[in-house]
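Both counts, for ligands and for their atoms, begin at 1 and track the order of listing. Values reported hereafter were calculated over all heavy atoms of this structure, with side chains retained and with hydrogens, waters and symmetry mates removed. Small disclaimer: the values here were computed from a predicted structure and weren't measured.
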Amino acid sequence: MQGPLIDTLVRQGVSRRTFLKYCATLASMMALPPTAGRAMAEAMAASRRPSVIWLPFQECTGCTESITRSHSPTIEGMIFDMISLDYQETLMAAAGFQAEEALHNAMKDNFGKYLLIIDGSIPLGVDGAYSCIAGRSNLDLLKDAAKGAAAIVAMGSCASYGGIPKANPNPTGAVSVSDIIKDKPIVNIPGCPPIPVVMTGVLAHYLTFGSLPELDDKGRPKAFYGETIHDRCYRRPFYDQGKFAKTFDDEGARNGWCLFELGCKGPVTYNACATTKWNGGTSWPVESGHGCLGCSEPDFWDAGSFYKALSTPANPLKLAATATVAGAAAGVAVSFANRAKKDAAKKAHQPVTLADLEK
Ligand code: SF4
Ligand code: SF4
């Protein structure tokens, strides 16, 4: 067992101010009350680094790339100092028998306490032969590792919903983690790939409160997936004014008009891209000129029509009846109707600032 986290952070030169700022930002992103930032800081500083085992299954390594391609030093980098990442094939130095031994020891020494992260889907076809590690199928590995897990994080759309491997005709018989494991708490963090700060935010919540955050009906943390891309899109005023780019290089596109008619699925996609952005808050897909593909919704690849508008924007509420992204259509009408309510509710919690924490 490692020492308290604060010892590790101090050794690595992380200042109290930086740590408080990180916790304040995280609490604010999760729409927690102002006092939560300090509470998170205290809980995280005193906590011991929990064992985390990360198993990659039928995947492209995009999720790992996402969480590691962060600027340095970063809050994402900090979170890696807050956990004991005991097994992650892509990141660990060990290989072969040494790697297998590390996995075995981590599972045995931390039985019942470790956090299990899975990225990639689980292929069931041909007795799981499509994806094996050390001669064992992903299905076998998942069932074995899940037994001793306190909770499971399904990282990315493949682990959450099957993702692209499960897309029609699903040649490998791919399924999601929750299709297999029914007796453990599971949080889905979908996205292709998921946003780094969302991944680390969920881990930080687990460290602070010892439990998974509140989830929506698709198993996603509400703090990050509670609103649609469209709810918070900076191009939204143009949508409301009926100003739409018709091609990717017309005057409307150059003026930053709404990408709805170019196929943007923001109105039916729940994710935090519009608020957290990507690459350290530099930009995000819609800001760089491309519509949202809906990658954090189940079966987004089969829904397709990436460059086809959902419906006529003249009557946004009609979208609910015609949206093509499976399972998300009703969200359009709901998101419009609830937007004012959500804004009012959020105002009840003033944003957490560093000043609040340093009082
Ligand atoms: S349709 Fe897309 S580009 Fe237009 S406001 Fe909504 S999310 Fe933004
Ligand atoms: S903008 Fe849409 S498609 Fe792009 S990463 Fe965010 S949720 Fe996925």
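For the residue pair Glu59 and Ser121, no side-chain donor N or O sits within less than 3.5 Å of a side-chain acceptor on the partner.
Less than 4.0 angstrom separates some heavy atom of Arg236 from each of these atoms of ligand 1: 5 (S). Annotation for ligand 1: atoms under 4.0 Å from non-hydrogen atoms of Leu259 are 3 (S), 4 (Fe). Within ligand 1, counting atoms from 1 as listed, the ones closer than 4.0 Å to a heavy atom of Gly266 are 7 (S). Listed by number with element, the atoms of ligand 2 under 4.0 angstrom from any heavy atom of Pro285 are 1 (S), 4 (Fe).
Note: Phe306 and Phe300 have tilted aromatic rings, judged against thresholds of 30 and 60 degrees for the angle between ring planes.
Looking at Asn271 against ligand 2, only its side chain comes within 4.0 Å, counting heavy atoms.
A salt bridge does not link Glu214 with Arg220: every distance from a Lys NZ or Arg NE/NH1/NH2 to an Asp or Glu carboxylate oxygen is 4.0 Å or more. One finds a salt bridge joining Arg236 and Asp240 here, because a Lys/Arg side-chain nitrogen approaches an Asp/Glu carboxylate oxygen to under 4.0 Å. A salt bridge is defined here as a Lys NZ or Arg NE, NH1 or NH2 lying under 4.0 Å from an Asp or Glu carboxylate O, and Arg136 with Asp144 meets this definition.
With Cys258, Gly256, Gly263 as candidates, the residue nearest to atom 4 (Fe) of ligand 1 on a non-hydrogen basis is Cys258.
At the top of the distance list for atom 2 (Fe) of ligand 2, counting protein heavy atoms only, stands Cys292 SG, 2.3 Å. Protein heavy atom at the shortest distance from atom 3 (S) of ligand 2 is Leu293 N, 3.1 Å. In this structure, atom 8 (Fe) of ligand 2 lies nearest to the protein heavy atom Cys295 SG, 2.2 Å.
The distance from atom 6 (Fe) of ligand 1 to the nearest N/O/S atom of Cys233 is not under 2.8 Å. Checking Cys273 against atom 6 (Fe) of ligand 2, an N/O/S atom falls under the 2.8 Å cut-off.
Here the side chains of Val202 and Val187 are in contact, with some heavy-atom distance below 4.5 Å. Under the 4.5 Å side-chain criterion, counting only non-hydrogen atoms from C-beta, Phe244 is not in contact with Trp257. Looking at Ile195 and Cys273, their side chains come closer than 4.5 Å, going by heavy atoms from C-beta outward.
Listed here is the closest heavy atom pair of Ser66 and Pro196: O-CG, 3.2 Å.
Residue contact annotation: Gly191 has no non-hydrogen atom under 4.0 Å from ligand 2.
Closest N/O/S atom of His230 to atom 6 (Fe) of ligand 1: ND1.
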